[in-house]
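See below for the structure under consideration.
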There are 2 protein chains.
Amino acid sequence: MNTQEKIIESATVLFLEKGFDRTSVREIASKANINISLMNYYFRSKEILFETIIDLLIGKAAASLKDILDAEIDLNEKISQYTGKYIDMLIRNPLLVSFVLAVLNRNPEKLIKLKVTDNLYTTKKFSQQLNNEYLKGNIKKVDPEQFYLNMLSLISFPFAMKHLIIEKNQFSQEEFDRFITERKEIIYNTLISYLKP
Amino acid sequence: MNTQEKIIESATVLFLEKGFDRTSVREIASKANINISLMNYYFRSKEILFETIIDLLIGKAAASLKDILDAEIDLNEKISQYTGKYIDMLIRNPLLVSFVLAVLNRNPEKLIKLKVTDNLYTTKKFSQQLNNEYLKGNIKKVDPEQFYLNMLSLISFPFAMKHLIIEKNQFSQEEFDRFITERKEIIYNTLISYLKP
DNA sequence: GTCTATACGGCGATAGAC
DNA sequence: GTCTATCGCCGTATAGAC
């Protein structure tokens, strides 16, 4: 592992664990066993290092979710797949939601400029599909923007509240994952029942 | 206005505007026209000052929402009222969601200990009501924990994503508020259609 | 290119004089 | 209650050795 990789590796762990502000560059350097000033040699600032890591973390997952949303498959099947894959991804990376929300709040302009955001929150084809299904009489008329936001909210918000949910229900990690996995079907049914004409 | 009030007044504005980490105690002191060390005289730390402000900000709103959730009124009416009042409150305090999520992520133990949390996320009576309605055959069988989480997600998450929603749809502030207000009915219909036996 | 050493101004917090 | 002085840590920048 070279120096650059060591920095990214250590910084990723720390950023996810403690967030941007509570992680110091000295701590990253120490964990990576490198000199502090190498951080500024490889990445000009802590902020740039952070952005690099966001792209690495979210990039692949976001792209594959976007593919599902844009695919030409049956609407019900798409909602089911999207919800399932999204939740699977978040179970593997439970800190991602808080992470993205923290960035969004810290520095909205920056996140909006990242390529990753396009994949995370673009719905053009999905909106068209919803409109088409309405014209065919298969579903009732919905605002696609609102419907997609509902889907995103039902999938993501529980991860932002993870600590509270675990504490309130006295869940173990496994119980939380099971609770979240149960949501796949619940979210699907919630969204589908709303669409019924 | 005495020194303590001046500190709270200035700190509230700054914390809401820029968040905890990006607000320095020197800035709060300067805005309040007091000496820096007075901050540590009245509140032992920046963290404690922050907690004090959270309680002040959320306390009243949370209690009145809890009252609705616990009231002995028709289920549909309750969901409608709760959603409506919650969204009205968040439109008046749009930064509150990000604020609470940031605290929850920064220091989960601390938020969980705050009295405010009880009011924000306790559902005992509401769960009983859902179970009773099921036994009466009025709704289908639901997991009350999941159902309440759905309600909370649909209400709150859009405020955490506010910047992204505004940017994506090129909303003005008024358009965002209108978009959110439209959600009252959409959320109500989504939740109710899921409950149908 | 890679790395060490060191310096700068700003931060949260505190001890102690008044 | 209020203020001054100061402490140790922070992110960042840079001079210079290899």
Side-chain angles (χ1 to χ4, degrees), chain A residues 1-57 99 102-111 113-114, chain B residues 1-57 99 102-111 113-114:
Chain A
M1 228 201 293
N2 65 29
T3 303
Q4 182 156 187
E5 287 166 345
K6 279 196 281 187
I7 294 174
I8 288 185
E9 162 78 16
S10 303
T12 302
V13 175
L14 290 171
F15 280 147
L16 282 174
E17 250 172 29
K18 331 201 318 180
F20 179 84
D21 293 291
R22 316 250 286 191
T23 302
S24 76
V25 294
R26 282 170 171 79
E27 196 181 358
I28 297 169
S30 146
K31 191 182 171 74
N33 277 315
I34 52 123
N35 187 283
I36 316 165
S37 60
L38 284 177
M39 307 249 330
N40 279 77
Y41 174 74
Y42 286 101
F43 308 91
R44 285 197 304 102
S45 72
K46 184 183 173 186
E47 197 81 36
I48 291 173
L49 169 60
F50 189 60
E51 287 165 31
T52 308
I53 287 175
I54 293 175
D55 268 334
L56 286 174
L57 271 181
F99 194 72
V103 185
L104 181 57
N105 222 251
R106 267 184 71 70
N107 198 334
E109 296 79 21
K110 203 152 272 175
L111 184 65
K113 268 188 264 164
L114 291 179
Chain B
M1 224 198 299
N2 65 28
T3 303
Q4 183 156 190
E5 287 165 343
K6 280 196 280 185
I7 295 173
I8 288 185
E9 162 77 16
S10 303
T12 302
V13 174
L14 290 171
F15 280 147
L16 281 175
E17 249 173 31
K18 329 198 324 177
F20 179 84
D21 293 293
R22 317 251 286 193
T23 302
S24 76
V25 294
R26 281 168 171 81
E27 195 181 1
I28 297 170
S30 148
K31 190 180 171 76
N33 276 315
I34 54 121
N35 187 283
I36 315 166
S37 61
L38 284 177
M39 308 248 330
N40 280 78
Y41 174 75
Y42 285 100
F43 309 91
R44 286 196 304 101
S45 70
K46 183 183 171 186
E47 196 83 34
I48 292 173
L49 169 59
F50 189 60
E51 288 164 30
T52 309
I53 288 175
I54 293 175
D55 267 335
L56 288 174
L57 271 180
F99 196 72
V103 186
L104 181 56
N105 222 249
R106 271 184 71 71
N107 199 335
E109 295 79 21
K110 204 151 272 175
L111 185 64
K113 268 187 263 163
L114 290 179

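In this text, all values refer to a predicted model and were calculated from it rather than measured experimentally. Just so we're on the same page: letters track the sequence lines, and every chain starts at 1.
For D/dT12, neither phosphate oxygen OP1 nor OP2 lies less than 4.0 angstrom from any side-chain nitrogen or oxygen of A/Asn40.
Across the helix from C/dG1-D/dC18 to C/dC18-D/dG1, the helix axis at one end is tilted relative to the axis at the other end by 10° (nearest 10 degrees, each axis from five pairs).
Looking only at side-chain heavy atoms (C-beta outward), B/Met39 and B/Ile34 come within less than 4.5 Å of each other. Taking 4.5 Å as the limit, every side-chain heavy atom of A/Phe43 sits out of range of all side-chain heavy atoms of A/Glu51. Under the 4.5 Å side-chain criterion, counting only non-hydrogen atoms from C-beta, B/Tyr41 is not in contact with B/Asn35. With contacts defined as side-chain heavy-atom distances shorter than 4.5 Å, the pair A/Leu49/A/Phe15 qualifies. Contact annotation: the side chain of B/Leu57 approaches that of B/Leu16 to within less than 4.5 Å [non-hydrogen atoms, C-beta and beyond]. Two residues are said to be in side-chain contact when any heavy atoms from C-beta on lie closer than 4.5 Å; A/Gln4 and A/Ile7 fail this criterion.
When rounded to the nearest whole Å, the span between CD1 of B/Ile48 and C1' of C/dG12 equals 13 Å. Between the C1' atom of C/dG12 and the CG atom of B/Asp21 lies a distance of 12 Å, rounded to the nearest Å. Remark: C1' of D/dT12 and CD of A/Glu27 are 17 Å apart, rounded to the nearest angstrom. Rounded to an integer number of Å, the gap from B/Ile28 CD1 to C/dG12 P is 8 Å. The separation between B/Leu14 atom CG and C/dC11 atom C1' is 16 Å, rounded to whole Å. Rounded to whole Å, the distance from CD on B/Glu47 to P on C/dG12 is 12 Å. One can place CE of A/Met39 at 8 Å from P of D/dT12, the figure rounded to the nearest angstrom. To the nearest angstrom, P of D/dA13 lies 14 Å from NZ of A/Lys46.
Remark: A/Arg44 CZ is loosely packed, at most 12 non-hydrogen atoms of other residues, nucleotides or ligands lying under 6.0 Å away.
Taking B/Glu47 as the reference, B/Arg106 meet the side-chain hydrogen bond (donor to acceptor under 3.5 Å, both in side chains) condition, with sequence neighbours excluded.
A/Arg26 contributes a side-chain N or O that forms a donor-acceptor pair with the base of D/dG11 under 3.5 Å.
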Pairs under 3.5 angstrom, nitrogen or oxygen only, protein versus nucleotides 1-6 of chain C, please.
| residue | atom | partner | partner atom | Å |
| --- | --- | --- | --- | --- |
| C/dC3 | OP2 | A/Thr3 | OG1 | 2.7 |
| C/dT4 | O4 | A/Ser37 | OG | 3.2 |
| C/dA5 | N6 | A/Ser37 | OG | 3.1 |

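In terms of modelled atom types and a separation under 3.5 Å, the side chain of B/Thr12 and the main chain of B/Ile8 share a donor-acceptor contact.
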